[in-house]
There are 2 protein chains.
Amino acid sequence: MLKDIIENNQNYQPGLSIDCVIFGFHDNQLKVLLIKIPHQNTWSLPGGFIPIDQDIDTAAVTVLNERTGVEGVFLRQFATFGKVKRNDQHFGKEVLEYLKIEEEKGKWLMQRFVTIGYYALVDFLKTIPKSADKDQVIEWIDHKEVPELILDHKEILDKALDTLRTELNLMPVGYNLLPEKFTIPELQKLYETILDRKLDRRNFLRKITNIGILTKLDEKKSNVAHKAPNLYSFDKDKYEEVLKNGLTQGW
Amino acid sequence: MLKDIIENNQNYQPGLSIDCVIFGFHDNQLKVLLIKIPHQNTWSLPGGFIPIDQDIDTAAVTVLNERTGVEGVFLRQFATFGKVKRNDQHFGKEVLEYLKIEEEKGKWLMQRFVTIGYYALVDFLKTIPKSADKDQVIEWIDHKEVPELILDHKEILDKALDTLRTELNLMPVGYNLLPEKFTIPELQKLYETILDRKLDRRNFLRKITNIGILTKLDEKKSNVAHKAPNLYSFDKDKYEEVLKNGLTQGW
DNA sequence: GTACATTGCGTCATAATAACACATTAAGCG
DNA sequence: CGCTTAATGTGTTATTATGACGCAATGTAC
């Protein structure tokens with residue numbers, strides 16, 4: 001795959017790549033989709049290159065689809081990373097050796113790559129991580145237990161989370177991360193996990209319902225310890241409207 | 001200049017450029033620094049290319065300094081633009097003809113360029129627009145009267161203003177755009193111009209002073225019609241602190 | 001049934017916001 | 001000089017949003 005790209009690099013935008021920070025929510029954990037580098041203890045963000053005949057946003061959608069199979073999810077460009085030393089020679093050489101590509105043909109990969117960061121919000125349960133090849137491991141990992149990442153991918157991930165945190169004040173979040181039916185406590189846990197702090201249960205309910213994007217269902221969650229919480233769903237129309245116009249206040 | 005770059009394009013990041021939206025404030029107008037394309041009726045944003053041995057942020061600072069001479073101003077990356085058709089063949093050919101560069105040498109310019117957008121906030125009075133060469137016109141233009149721009153530069157400008165508007169809710173603005181001493185009505189006009197709506201004078205005063213970044217000076221503005229307004233300055237330390245930690249509420 | 005953890009609904013004090021009233025100041029002008 | 005005019009400076013009030021908390025209801029475990 002990568003070998004094909006390197007050997008046909010004239011079909012790809014030179015010196016430019018895309019990296020995706022794909023967020024999912026499960027078991028009260030904010031998870032990130034990471035790829036294990038074969039035969040090493042480091043991981044990387046799912047990324048890809050940009051065909052010269054594709055818009056960068058389209059290329060980002062492609063990367064996301066290849067890895068998650070999900071479509072029509074929330075995907076947003078958040079920053080572009082271009083330090084001179086962000087991809088060092090050492091790393092490039094290792095890749096070329098691993099792929100058994102001779103130095104001359106692999107020259108393309110050795111230049112400085114600028115990478116455009118996108119973050120995505122996807123429904124954990126509908127997403128089945130897909131490996132590009134058999135000895136590649138791709139896995140959901142709790143964002144609090146992210147292992148060592150290659151290059152500046154940790155910086156990219158941190159920036160993505162930072163952006164998500166800020167945007168939580170400007171837009172509603174949840175439609176993409178939660179299943180269709182969910183409880184208020186679940187939604188609150190999502191907010192708490194992203195913001196990394198506790199919120200008052202009662203104030204949260206008031207604030208989130210006042211936005212007017214929730215529909216209370218005539219149904220309770222089953223098989224739970226203690227009192228069964230009510231189920232809610234998002235009112236898609238109103239949700240989209242608020243997404244477009246923005247919230248007014250912060251959390 | 002551009003000719004040098006094209007002819008020595010191996011020293012520059014391929015297919016990648018930087019465009020700067022430089023904002024200034026004067027006469028109650030939000031102004032943008034634009035460059036006139038010689039012998040045409042279109043204008044462009046000041047931009048540049050990225051030396052392969054420079055971080056993209058450094059290259060952006062260079063572009064800004066070359067055009068304004070000012071240093072240490074507010075400069076922030078806001079988005080990256082990469083539609084396939086954003087720089088069309090037609091435009092590239094015109095540039096090459098104008099610069100009298102033969103097609104083979106100019107091939108580098110004809111590929112799709114992805115551009116990284118930065119916006120800057122500078123003190124209008126301290127900034128003297130600098131042309132790169134004698135028949136180039138560079139000028140401050142009211143953002144409400146921006147003429148036709150090349151390529152997707154209008155889209156870039158719009159996105160920059162949009163970003164500034166959003167960030168007004170998250171950070172203080174003014175330190176970079178106003179002279180050292182200024183009046184509250186001037187600061188209010190700046191906010192009103194950016195937001196494109198009227199704000200209540202009295203509520204604005206209360207809100208802006210409550211942030212705690214202003215120092216009331218024992219001095220009034222002179223030579224003004226009607227009642228002379230008091231002068232204020234920013235408390236740099238507190239300003240920086242709020243800039244780092246962010247505001248809490250919106251306007 | 002009882003203990004317990006969690007949900008659902010409500011209260012209250014305080015802070016932030018929006019809308020507005022009135023006094024103050026300086027320039028322009030007869 | 002005194003009056004008008006158009007700004008600025010300061011305060012008031014009603015409404016809304018926020019933060020902190022009380023208490024009853026519900027379903028599980030024992």
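Residue numbering restarts at 1 for every chain, and letters A, B, ... go by the order of the sequence lines. Here the structure is a predicted model, which is why all the values come from computation and not from measurement. The figures that follow rest on heavy atoms only: side chains count, while hydrogens, waters and symmetry mates do not.
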Can you work out whether Arg206(A) or Lys227(A) has the more 5'-proximal nearest nucleotide on DNA chain C?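 Its nucleotide being nearer the 5' end, the pick is Lys227(A).
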
Relative to the 5' end of DNA chain D, which residue comes earlier, Glu186(B) or Arg202(A), by the nucleotide with the nearest heavy atom?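 Its nearest nucleotide lies further toward 5', so the answer is Glu186(B).
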
For [X] and [N], what is the distance between atoms [atom1] and [atom2] respectively, to the nearest whole Å?
X         : N       : atom1 : atom2 : result
Leu199(B) : dC20(C) : CG    : P     : 16 Å
Phe204(A) : dA20(D) : CZ    : C1'   : 17 Å
Lys189(B) : dT8(D)  : NZ    : P     : 6 Å
Arg197(B) : dT17(C) : CZ    : P     : 12 Å
Asn203(A) : dC12(C) : CG    : P     : 15 Å
Leu205(B) : dA23(C) : CG    : C1'   : 16 Å
Asp200(A) : dC12(C) : CG    : C1'   : 14 Å
His226(A) : dA25(D) : NE2   : C1'   : 15 Å

OH of Tyr175(A): more than 12 outside heavy atoms within 6.0 angstrom?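 Result for OH/Tyr175(A): open.
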
Quick check: does any side chain N or O of Asp235(A) sit under 3.5 Å from a backbone N or O of Lys238(A), one acting as donor and the other as acceptor?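 Confirmed, Asp235(A) side chain pairs with Lys238(A) backbone.
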
Has Thr68(A) got a side-chain atom pairing as donor or acceptor with Pro129(A)'s backbone, closer than 3.5 angstrom?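 Side chain of Thr68(A) to backbone of Pro129(A): no pair is present.
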
Base, sugar-phosphate alone, or nothing: which one does Lys221(B) contact when heavy atoms must sit under 4.0 Å apart?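 Result for Lys221(B) = nothing.
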
May I ask you to say what Asn210(A) touches in the nucleic acid, namely base, sugar-phosphate or nothing, with a heavy-atom cut-off under 4.0 Å?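 Counting heavy atoms under 4.0 Å across all strands, no contact is made by Asn210(A).
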
Does the side chain of Lys216(B) get closer than 4.0 angstrom to OP1 or OP2 of dT10(D) through an N or O atom?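 So the side-chain polar atoms of Lys216(B) do come within 4.0 Å of the phosphate oxygens OP1 or OP2 of dT10(D), strictly under.
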
Please walk me through it: do Phe124(A) and Phe25(A) pass ring-ring contact (aromatic ring centres under 6.0 Å, His included)? CA-CA 6 Å; Phe124(A) 183 89; Phe25(A) 189 67; 9.3 Å; no

